[in-house]
Structure formats: structure tokens, C-alpha cells
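If you read the sequence from its start, that first residue is 1, and numbering goes on from there. Just so you know, ligand 1 is whichever comes first in the structure, and atom 1 is the first atom listed for that ligand.
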Amino acid sequence: MNTVLDIKNLSIEVNTKKSKYNVVEGVNLSIGKKMKYGIVGESGSGKSLTSLAIMNLLPDVLKVSKGSITLNTEKSKELTKLSKREMQKIRGNEISMIFQEPMTALDPLYTIEHQLLEVLKFHTNYSKKEMRELGLDMLNKVGISRGKEIFKSYPHQLSGGMRQRVIIAMALICQPKLLIADEPTTALDVTIQAQILDLMNDLSETHDTSILMITHDLGVILETCERVAVLYAGQVMEETTVEQLFTNPSHPYTQGLLKSIRSLGDHKNTLYSIPGNVPTPAQYENMGCRFSSRCPHAMEICKSKEPSMYTVEKDHTSKCWLHEEEGVAYG
Ligand SMILES: Nc1ncnc2c1ncn2[C@@H]1O[C@H](COP(=O)(O)OP(=O)(O)OP(=O)(O)O)[C@@H](O)[C@H]1O
């Protein structure tokens, strides 16, 4: 098997007494072994919920209403079908997650040693001595050389960058097959951001770990990923290699995103931003293409009928009616 994770037709629904609607719909993606895969999208596009669904950590009002999430390690497992107990064995061991804010992922009441070794205690049968050695080695790998000193520290005694290094150490200590990183550098200074991204890249190579990078920042995707899915209003609008996305973006939404980051570096022109607002999930039903109200190329059909995903070239799909006009094949 060449893929670590296969998401097929995933929908996530809000289901309360008062309302029922999809917040994520029909998401397909495959993450290869050792691949660095990015999901990029604006706030509210469904990035975090997709990653929480993989971890089986969706809040109570939300549930996977359709589709499958298959983890292919020694055996294939359909994650949406696993019990809480089975999923606990996978989290931290086969799949780990790094969250945006390092302070919330660490418990302020316990030392770094306690928290780092807790992961090993839960998933392995190593002796205390072996765990300490592994812990110190892992801290060394994330660039913390004074490991013994840091072991005795509490989270508030460390800088933001150090805390995020500790979190990466915790996430990788059991050598997971997949690391989900949800905006791992957003809360950090720009200089530290680059160091942390480099570190994740290096460690994924040495540990044979695939990375799912969740971000609103196309720059982070360009720096770290090989493939990318562009999420908009709960749906994948375009999926391809990072190189193709940057050199030959097909979907008008992606083209708008790229135009807005490129205008940042262009001092002669004013900053470009895509006009209009992202629709809310309650508005998704029967709105045709969800990007149509903001799209510079919108046609009549876009407002009434949802487009399919088209294969625009090898390894490149895009969900836009313009491709029907251009006569490209269905994906
Ligand atoms: N607990 C919840 N109950 C109802 N709706 C929710 C809940 N959590 C998220 N949503 C809705 O689901 C949609 C997707 O949210 P999600 O957090 O995945 O977005 P995101 O792309 O990760 O955004 P951000 O970058 O701001 O975290 C949003 O419209 C959000 O309002």
C-alpha cells in the first residue's frame, strides 16, 4: 500500500435539535507514505474539522455523516468505525497531532519530563530509564540540547518556540506514521516559524512520517508540502501538486488566493483581496458553486448547479464549470 491515509467522500454534519447541515462535504484526499500534504483554506473552510474527524475528536454536535477515513499502517483501519478505546491506541502512536497554540497542548501543572514520558508510558512497555533516554534523545533531535534541564521545567518557563519544539518531540516520540499539524507556526515569531517548519521537514524524513499540514497560509504550503488540497466552504475546490498549483492554478478561487499573496510583495500596486465573503454553512444548500458569488468568471449555471470535480491535467483536479466549457474530462 502506498498511501498512509485515504479520505473518501467525507462529509461532516452539524446535527442539533434545531438544525442539521453539512459543514464539510465530499472531501477526497490521499496522503502517500512520507508525503507532506497540505490543506489550505480561509477561516471557516473546514480545515480543523477535517483533521479532528481523522483523530475522531469531533465535538458532540458534529459527526461524520458520510464517507470513510482509512489509515493504512500494518493493517488497514477505517477510523470512523473504531471504538473510543481502539482510537486511543492510535492517537499519539500511529497518528499524532500538533495544534496551533503550544500553551494549550501542554499541561501547566506538570514538568516537561512528565508530559513527554507520559506518551511513552501509555503506548510502550519501556523501563523508566529507557523512556528517559528516549525522551532526552528526542529533545536533542528537536534542537533542545539542555534536555536534562528542560526536563525539570514547567511549560511557562519556556519560550513559545521551545514549547512548540517540545510538542513536536511529544508528537514524534512514538514514531507515528502520520503527523497532523494544524497551523503549527501561526502563534510563533516569523524567524522561529521557519526554524520549526524546517525541523518538521527534517524529522519527517528521518522518521518516515507523512505530514498533513493544515494552514491558511499558501507560503507555508509552498515551503513544506508536495501536494495540496484547496478547501473553500467545506469542499475541495482544487487538488494537485504544489508545483502545479503555483505555476498553473485552475480554479478561480485559487487564482484569487495567489493574486492576493503575490500583491503583498508588489509595492507598486494596492493589495488585492478576493471581494465578498465566504458563505456560512447554513447557506450552502442549493447555492450552486459555493464560490460563485465572489467569482470574477461566474456564469448563470454557477449560481444554480454545483460543478463536478474535473481532471484538468494529470494529477490535477478542479471543481469549476469553466472546465466543462473548455471540454476537459470528468475526474
Ligand atoms: N462546534 C461547532 N458547532 C457548529 N459549527 C461548527 C462547530 N465547529 C466549527 N463549526 C463550523 O464549521 C465550519 C468549519 O470550521 P473549521 O473550524 O473546520 O474551520 P477552519 O477552516 O479550521 O477555520 P479556522 O482557520 O478559523 O480554524 C465553520 O463554518 C464553523 O463555523
Are any of the N or O atoms of Tyr21 closer than 3.5 Å to those of ligand 1?
-> no
Return the residue, atom name and 0.1 Å-rounded distance of the protein heavy atom closest to atom 11 (C) of ligand 1.
-> Val23 CG1, 4.0 Å
Does ligand 1 have any atom sitting under 4.0 Å from a heavy atom of Pro281?
-> yes
Side chain to side chain contact (heavy atoms under 4.5 Å, CB included) between Asn248 and Glu313: does it pass, once the steps are laid out?
-> CA-CA 10 Å; Asn248 186 22; Glu313 60 184 320; 3.1 Å; yes
Considering Leu49, Asn15, Ile39, which one's heavy-atom position lies nearest to atom 9 (C) of ligand 1?
-> Leu49
Is the closest protein non-hydrogen atom to atom 30 (C) of ligand 1 under 4.0 Å?
-> no
Connected hydrophobic set around Tyr110, excluding itself, where side chains approach under 4.5 Å = Leu109
Does some non-hydrogen atom of the protein lie less than 4.0 angstrom from atom 18 (O) of ligand 1?
-> yes
Among non-hydrogen protein atoms, atom 27 (O) of ligand 1 lies closest to Ser48 OG, 3.6 Å
Look at atom 7 (C) of ligand 1 and find which of Val278, Val14, Leu62, Ile12 reaches it with the closest heavy atom.
-> Leu62
Which of parallel (below 30°), tilted (30 to 60°) and perpendicular (above 60°) describes Phe291 and Tyr232?
-> perpendicular
Identify, by atom number and element, the atoms of ligand 1 in contact range of Val61, meaning under 4.0 Å from any of its heavy atoms.
-> 1 (N), 3 (N)
Applying side-chain hydrogen bond (donor to acceptor under 3.5 Å, both in side chains) to Arg91 and not counting sequence neighbours gives none
